[in-house]
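Every chain is numbered from 1 and lettered A, B, ... according to where its sequence line falls, protein lines coming before strand lines.
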2 protein chains.
Amino acid sequence: MLRRRKNKTPPLPPLCPLTTCMRLLGGAWTANIVWRLSGDPRRFSELRSDIPRISAKVLSAKLRALEENGVLTRHAVASSPPSVEYALTALGQELLPVIETIVQVGMKLQRMQDATPRAAPGAPRRPRAPAMNRT
Amino acid sequence: MLRRRKNKTPPLPPLCPLTTCMRLLGGAWTANIVWRLSGDPRRFSELRSDIPRISAKVLSAKLRALEENGVLTRHAVASSPPSVEYALTALGQELLPVIETIVQVGMKLQRMQDATPRAAPGAPRRPRAPAMNRT
DNA sequence: CGGTATCCCGAACGATACTG
DNA sequence: CAGTATCGTTCGGGATACCG
């Protein structure tokens, strides 16, 4: 118990930026959040209703991570009804083409998967948890 | 016991292409694998050395998933030294622009994160955990 | 309204050992 | 060589409750 740290944190060789970026929008939600902000800045609650099944915890965690990575900015207005606006930075804007491309390919994938029964030849794959399905 | 699955399996709205695609290259490794296959077909061991820190288990799982999704093909040669070659399908090729874009943005991210102290003007964020930085 | 704190589950990942 | 099996660990993420 508690004896981890046997092989963790080895001298990590620099791996490609690919992983850096994938870690950033790795979660199911992150790309969605960025996507929602592509238009105007939005507030916390607006984002919550934009992405119905996201929890406050995850949303705030993702927003914080994105802010730390310079993808978006947080502007808090300390008025009587507290209000916080999130907006993409220039860097965040640069993510948009990525996401658009992903959406394009995603549609192709869906089309192909739909047209190809494939029926798991030989070994029925695990149907995968219905965890995250949104956008 | 009997934890009621109270909120699981809600009426899932149609999942968007974004999530579909992100699910596919969701892990940190998957995009890397596809990337490695962008040139010539490669064998299992070659991929393992291409991506040093990946375990055989994960690699084989990812390869299987990608094969099921029609992203790559598996050609086993039952020769004396067994040999299996993985190659991208046409669909897999379509993922390459996505990955290239991601790499581009990833490099920008790395550059900005390196150069930007990001002094959170007006509201000092509480110094949160150093986010995700693994390779 | 805009979060944070706590708990807990399941998925993803890693290491090692073993098989065809 | 090309995996699979098993085990253990870490991590994302959902639920609920609570605070400024």
Side-chain angles (χ1 to χ4, degrees), chain A residues 1-10 12 19 22-30 32-33 42-49 51-65 67 74-86 122-123 126-134, chain B residues 1-10 19 22-30 32-33 42-49 51-65 67 74-86 123 125-126 128-129 131-135:
Chain A
M1 12 345 194
L2 268 290
R3 101 183 166 25
R4 75 289 231 305
R5 82 125 309 174
K6 166 212 246 162
N7 48 5
K8 252 351 211 168
T9 320
L12 284 189
T19 313
M22 286 311 288
R23 281 226 179 282
L24 190 65
L25 16 116
W29 302 116
T30 322
N32 243 301
I33 295 170
R42 296 191 68 72
R43 292 170 36 207
F44 192 86
S45 306
E46 292 179 314
L47 289 171
R48 281 195 75 177
S49 19
I51 313 169
R53 298 204 292 295
I54 197 173
S55 63
K57 170 187 148 187
V58 173
L59 180 54
S60 95
K62 293 300 180 185
L63 287 172
R64 198 184 308 125
E67 189 195 357
R74 203 189 98 120
H75 289 295
V77 180
S79 51
S80 359
S83 161
V84 183
E85 291 218 328
Y86 295 91
R126 177 150 122 291
R128 262 213 108 112
M132 38 171 152
N133 298 322
R134 274 285 330 155
Chain B
M1 309 301 279
L2 261 291
R3 299 195 54 72
R4 59 264 200 350
R5 320 280 317 182
K6 153 186 356 184
N7 50 5
K8 263 337 198 170
T9 319
T19 313
M22 287 309 286
R23 255 207 163 319
L24 192 65
L25 6 123
W29 301 116
T30 322
N32 244 302
I33 295 170
R42 296 190 68 73
R43 293 172 32 209
F44 193 85
S45 306
E46 292 179 314
L47 289 172
R48 281 195 75 176
S49 20
I51 314 169
R53 299 194 296 291
I54 198 172
S55 63
K57 171 184 146 189
V58 173
L59 180 54
S60 94
K62 293 299 180 185
L63 287 171
R64 199 185 308 126
E67 188 193 0
R74 204 189 97 118
H75 290 294
V77 181
S79 51
S80 0
S83 162
V84 184
E85 290 218 327
Y86 295 92
R125 292 269 90 61
R126 87 190 37 223
R128 238 17 180 94
M132 42 200 145
N133 294 325
R134 244 219 49 155
T135 304

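- Look at A:S83 and you won't find any side-chain N or O under 4.0 angstrom from OP1 or OP2 of C:dC1.
- Remark: C1' of C:dT16 and CG of B:L59 are 17 Å apart, rounded to the nearest angstrom.
- Minimum atom distance to the side chain of B:K57 is reached by C:dC13, of the listed D:dG13, C:dC13, C:dG3.
- A straight line from CD1 of A:I51 to P of D:dG13 spans 12 Å, rounded to a whole angstrom.
- Side-chain nitrogen and oxygen atoms of A:K62 include at least one within less than 4.0 Å of the OP1 or OP2 phosphate oxygen of D:dG13.
- For the OP1/OP2 pair of D:dG14 and a distance below 4.0 Å, the side-chain nitrogens and oxygens of A:R53 include no atom meeting the criterion.
- Listed nucleotides D:dG14, D:dC1, C:dC1 differ in distance to A:S55; the shortest reach to its side chain belongs to D:dG14.
- Under 4.0 angstrom from either OP1 or OP2 of D:dA2 there lies no side-chain N or O belonging to B:R48.
- Distance OH (A:Y86) to P (C:dC1): 14 Å, rounded to an integer number of Å.
- Residue B:R43 has a polar side-chain atom (N or O) positioned under 4.0 Å from OP1 or OP2 of D:dA2.
- Taking atom CG of B:L63 as the reference point, atom C1' of D:dC1 lies 14 Å away to the nearest angstrom.
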Which protein N or O atoms sit under 3.5 Å from an N or O of nucleotides 17-20 of chain C?
none

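- Taking atom CD on A:E67 and atom C1' on C:dG2, their separation rounds to 14 Å, with Å as the unit.
- Residues forming a side chain to side chain contact (heavy atoms under 4.5 Å, CB included) with B:S79 (at least two apart in sequence, or on another chain): B:V77, B:P81.
- Applying the side chain to side chain contact (heavy atoms under 4.5 Å, CB included) rule to B:S55 yields the partners B:K57, B:V58; only residues at least two apart in sequence or on another chain are considered.
- Annotation for A:S45 and A:S49: closest pair O-OG, 2.7 Å, computed over non-hydrogen atoms.
- Scored by the side chain to side chain contact (heavy atoms under 4.5 Å, CB included) test, B:A76 finds B:R74, B:V84 as partners (sequence neighbours excluded).
- Nucleotides of DNA chain C nearest to A:P81 and A:S60 differ in position, and the one nearer the 5' end is that of A:P81.
- Atom-to-atom, CZ of B:R74 to P of D:dG3 comes out at 5 Å; the value is rounded to the nearest Å.
- Applying the 4.0 Å criterion to OP1 and OP2 of C:dG2, one finds that A:S45 has a side-chain N or O inside that range.
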Determine, step by step, whether A:N32 and A:I54 satisfy the side-chain contact (heavy atoms from CB on, under 4.5 Å) criterion, reporting the C-alpha distance in whole Å, the side-chain angles of both residues, the deciding distance to 0.1 Å, and the verdict. CA-CA 11 Å; A:N32 243 301; A:I54 197 173; over 6 Å; no

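- Atom P of nucleotide C:dG2 and atom NE2 of A:H75 are separated by 15 Å, given to the nearest angstrom.
- To the nearest angstrom, P of D:dA2 lies 9 Å from CG of B:L47.
- For B:W29, a side-chain nitrogen or oxygen approaches OP1 or OP2 of C:dG14 to under 4.0 Å.
- Evaluation of the side chain to side chain contact (heavy atoms under 4.5 Å, CB included) rule for B:A56 yields B:F44, B:R48 as partners, not counting sequence neighbours.
- Considering OH of B:Y86 and CG of B:L63, their distance stands at 5.0 Å, rounded to 0.5 Å.
- Between the CD1 atom of B:I33 and the CD1 atom of B:I51 there is a distance of 5.0 Å, given to the nearest 0.5 Å.
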